[in-house]
2 protein chains.
Amino acid sequence: MPLPQTEIPGRLQAYFSERGIRMTQQRRAILQVMETASKHLDAAQILRKAKKIDPSVDRSTVYRTLKLLKRNGLIDELDLMHIHGEGHYYERKVNRDHIHMACLRCGKIMEFVSDIFENLKQQVEKDCRFKIMVSRLEIGGYCTACRAQQ
Amino acid sequence: MPLPQTEIPGRLQAYFSERGIRMTQQRRAILQVMETASKHLDAAQILRKAKKIDPSVDRSTVYRTLKLLKRNGLIDELDLMHIHGEGHYYERKVNRDHIHMACLRCGKIMEFVSDIFENLKQQVEKDCRFKIMVSRLEIGGYCTACRAQQ
DNA sequence: ACGCTTATTGCAATCCGTCGCATCTAGCAC
DNA sequence: GTGCTAGATGCGACGGATTGCAATAAGCGT
Ligand SMILES: [Mn+2]
Ligand SMILES: [Mn+2]
Ligand SMILES: [Zn+2]
Ligand SMILES: [Zn+2]
């Protein structure tokens with residue numbers, strides 16, 4: 001216990017303690033990784049980063065914690081159109097939903113916020129009488145640069 | 001060779017011969033499964049069904065053929081919000097794109113066709129100057145029935 | 001501070017998808 | 001029909017993700 005772990009708990013840790021979800025050294029490490037990630041980490045990257053904080057973190061704990069975060073709507077799970085293999089990517093859920101676009105040629109990932117997307121979700125809730133908890137729109141295609149060079 | 005295999009080739013088989021893609025006994029079986037599927041089969045189900053038509057079909061051939069079909073835009077790959085495990089589901093691509101909704105409580109999968117979805121894709125193509133090849137909108141939440149019984 | 005209870009963890013076994021390689025076969029030229 | 005050749009297949013090995021289980025530790029009551 002080198003440092004007082006309670007300072008700057010971060011939003012994810014705060015959510016855990018509010019909800020009475022048990023906090024462990026391993027979870028603290030994984031949460032910190034997710035909090036500070038610039039974006040779109042896969043499980044292997046998360047494990048590697050978490051091990052740097054707490055070397056005892058095991059692969060299975062990473063998966064279990066990701067599942068927990070997902071269940072609580074704190075992270076989103078993405079395929080990114082499986083551009084780089086079959087695995088999944090994770091990112092901290094932010095205020096506004098965004099669309100992910102993946103270029104099938106150069107592999108670049110782009111994000112896009114759209115009011116029409118919000119309208120669409122409202123339509124689904126109304127017309128299908130379906131209460132939306134999580135949504136994911138992924139698009140594969142060709143980015144401007146790649147279209148230019150054919 | 002009990003039956004003449006060339007009759008009623010089906011659209012997928014037709015596409016293959018038009019494009020000069022080699023047709024094998026194993027592919028014929030897998031394509032037949034995809035053609036006749038009512039919907040949303042995972043790889044294990046596809047393998048089992050294909051084996052009934054041609055017992056020699058191997059797991060790896062199923063995956064390789066699914067990848068081929070995907071590359072050619074003939075099938076869509078879905079997560080269905082990972083309601084039943086982490087695997088993927090496959091369905092024959094039809095004329096109009098549709099949204100998939102998965103009930104987090106009863107597991108029911110619903111489909112929905114929406115003009116607003118089409119508008120949204122047009123917006124992405126225009127505003128992001130991105131050429132869309134494939135898109136996938138999946139929504140998790142609660143269906144009418146499950147909302148009723150809370 | 002200490003002990004109790006129960007959720008969480010690491011580990012090993014297992015399951016599922018992928019890949020390299022030797023063999024086989026579809027499709028074509030004759 | 002026969003033989004040729006590139007492409008496809010089955011098989012086995014591999015690597016990533018999941019799960020059961022015994023050991024561990026978080027958090028609470030005292
Ligand atoms: Mn996926
Ligand atoms: Mn569908
Ligand atoms: Zn690109
Ligand atoms: Zn339901």
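By convention in this document, chain letters (A, B, ...) are assigned in the order of the sequence lines, proteins followed by strands, and residues within each chain are numbered from 1. Everything quoted here is computed from the prediction, not taken from an experiment.
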Query raised in the report: Between atom CE in B:M23 and atom C1' in C:dC28, what is the gap in whole Å?
Result: 17 Å
Query raised in the report: Can you name the salt bridge (charged side-chain N to carboxylate O under 4.0 Å, His left out) partners of B:R64, sequence neighbours left out?
Result: none
Report task. For B:R19, check side chain to side chain donor-acceptor pair (under 3.5 Å) against everything at least two apart and list the hits. Result -> B:Y15
Table please: side-chain donor-acceptor pairs of residues 37-46 of chain B below 3.5 Å, with sequence neighbours left out.
| unit_1 | atom_1 | unit_2 | atom_2 | d |
| --- | --- | --- | --- | --- |
| B:H40 | NE2 | B:E91 | OE1 | 3.0 |
| B:H40 | NE2 | B:H100 | NE2 | 3.1 |
| B:H40 | NE2 | B:E111 | OE2 | 3.0 |
| B:D42 | OD1 | B:A44 | N | 3.2 |
| B:D42 | OD1 | B:Q45 | N | 2.8 |
| B:Q45 | OE1 | B:D42 | N | 2.8 |

Report summary line: Residues passing the side chain to side chain donor-acceptor pair (under 3.5 Å) test with B:T61, sequence neighbours excluded, are none
Query - Distance in angstrom units between A:L31 CG and D:dA26 P, rounded - result: 15 Å
Query raised in the report: Listed by chain and number, what are the side chain to side chain donor-acceptor pair (under 3.5 Å) partners of A:D58, not counting sequence neighbours?
Result: A:S60
Query - Length of the line joining B:H84:NE2 and D:dT18:P, which is rounded to integer Å - result: 16 Å
Report summary line: In whole angstroms, the gap separating P of C:dC16 from NE2 of B:H82 amounts to 16 Å
**Report entry** salt bridge (charged side-chain N to carboxylate O under 4.0 Å, His left out) contacts touching residues 117-127 of chain A (sequence neighbours left out)
**Finding:** A:R96-A:E118, A:D97-A:K121, A:E118-A:K121
Report task. Using a 4.0 Å heavy-atom cut-off, write out nucleotides 3-10 of chain C from 5' to 3' as B (base contacted by protein), S (sugar-phosphate only) or - (no contact). Result -> ---BBSBB
Query raised in the report: With sequence neighbours left out, which residue pairs that include part of residues 48-57 of chain B fulfil the salt bridge (charged side-chain N to carboxylate O under 4.0 Å, His left out) condition?
Result: none
Query raised in the report: What is the ring orientation for B:H82 with A:H88, classed by angle as parallel under 30°, tilted 30 to 60°, or perpendicular over 60°?
Result: perpendicular
Report task. Let me know the distance between CD of A:E86 and C1' of D:dC14, rounded to the nearest Å. Result -> 16 Å
Query raised in the report: How close or far is atom C1' of D:dG10 from atom CD1 of B:I30, stated in whole angstroms?
Result: 12 Å
Report summary line: Numerically ordered, the residues 36-51 of chain A set in heavy-atom contact under 4.0 Å with DNA chain C is none
Query raised in the report: Between D:dG16 atom C1' and B:H88 atom NE2, what is the distance in whole Å?
Result: 14 Å
